[in-house]
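As the structure lists them, so they are numbered: ligands from 1, and atoms in each ligand from 1.
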Amino acid sequence: MDLVIRGRKVVLPDSIGPCSIHVRDGVIDSVRDYDDVSDARELIDAGDAVVMAGLVDTHVHVNAPGRTEWEGFETATRAASAGGVTTLVDMPLNSIPATTTLAAFQTKLDEAVDKCFVDVGFWGGVVPGNTRELAAMREAGVVGFKCFLVPSGVDEFQDVSEEHLREALPELARLDALLIVHAELPGPIGCCSADGFASDYSTFLASRPREAENQAVELMIRLSREFGARVHIVHLSSSDAVALLREAHSDGVAITAETCPHYLHFAAEEIPAGATEFKCCPPIRERENRERLWQALAEGTIDMIVSDHSPCPGGMKLRESGDFLAAWGGIASLQLRLPVVWTEARERGFSLRDVAKWLCENPARQVRLESRKGSIAAGCDADVVIWNPDREFVVDAAALQHRHKLTPYHGETLHGVVEKTFLRGRKIYDGGTVSPPTGMLI
Ligand SMILES: [Zn+2]
């Protein structure tokens, strides 16, 4: 074997315990007893650290080409590597061009090639009028398509109405392509007048009510059922929508949902005035809402946690005026998803198995990469993260690898330190050192 990684706490699909992972040509050849390591050319012994599949993050805004100054493939995938993420999937918007045509997808691939420290996949976009592009993009390899039901924040990625979706969904169903949806409807947002100081978080929160999400989820359940199309709700924040999803699941509707670390860690009541680094849409809601999101994860109604890493140049966050209404919405967290989720999960009695399911297995399944990614099992790529669940650290934004350092996690005390990351059997991160890029486009 080229490499054997062993440890006392290896997180396998059905258990956690001592074993050894045997790697040949970048792929896991077999998982064997802890002591069965005699054929190892190189042996890595993780001791009591956790050995888990590399994380899969299917919601990342890399913003390149066109807005590379916001992030870019090099910095985003460096941050991923340092955060134990071995596969990320890039969102179709904020780059120019947006990934809404085959030609634009090709431009994106040209931009990403040779720059990536981890494996990278791509979402395409559904925008008004591009139904005829979807088959070609799918054929060329996008993992699925994203749409917005409210303005996205950038002009080149227009939102869709129910009428547009009625045109696109039969085609998506025919292609068996997943539609992922930014689920807020403009109606309930338009009804809310933003009274109060723009620097108060409560003013912003009131401007993006739960009802906007609830109605959007209701619409997508109805359309998924009608067209037999697979639908996924991105960054669910309103816990009121959980009951709708639960009922849809019991009716056999093919709809899934994700939430994000910031909705599970922060609470609206604790966000200081003017702290626009906390702004994202839909917004971080109340403490009580956060606890109900955790319950939805426990029961499986929400099946994954992805970062929605969405950075921008610091100036666009308007930190000086602290204007929540005018600031760019988006939270930078690609490198921190594992420790944020683990810190909160361990306090609530969840296990490392739960964490692997939410951060690795289910995101891989969402984009149909589960035979290669997200699990420590024979036949999967040897993507592995070794991390210490007991070590505590204080987040220093300046030490993070992504381009613009402003993040609401600065100064937070978290549990879980990534020690080493392996991509297809090759060590790509080791205690602060990132190796040259070997990521592939998938
Ligand atoms: Zn996003």
Listed once per pair and sorted, the salt bridge (charged side-chain N to carboxylate O under 4.0 Å, His left out) pairs that draw on residues 315-325, sequence neighbours left out: E277-R319
Of V306, D303, L236, the residue whose pairing with E258 passes side chain to side chain contact (heavy atoms under 4.5 Å, CB included): V306
Proximal protein heteroatoms (N, O or S) of the Zn ion (ligand 1), under 2.8 Å: H59 NE2, H61 NE2, D308 OD1
Aromatic plane relationship, Y201 with F324 - under 30° parallel, 30 to 60° tilted, over 60° perpendicular: perpendicular
For E226, salt bridge (charged side-chain N to carboxylate O under 4.0 Å, His left out) partners two or more places apart: R166
Whether H59 and H61 hold their rings parallel, tilted or perpendicular, with breakpoints at 30° and 60°: tilted
Those residues that, when tested against E419, pass salt bridge (charged side-chain N to carboxylate O under 4.0 Å, His left out) (two or more places apart): none
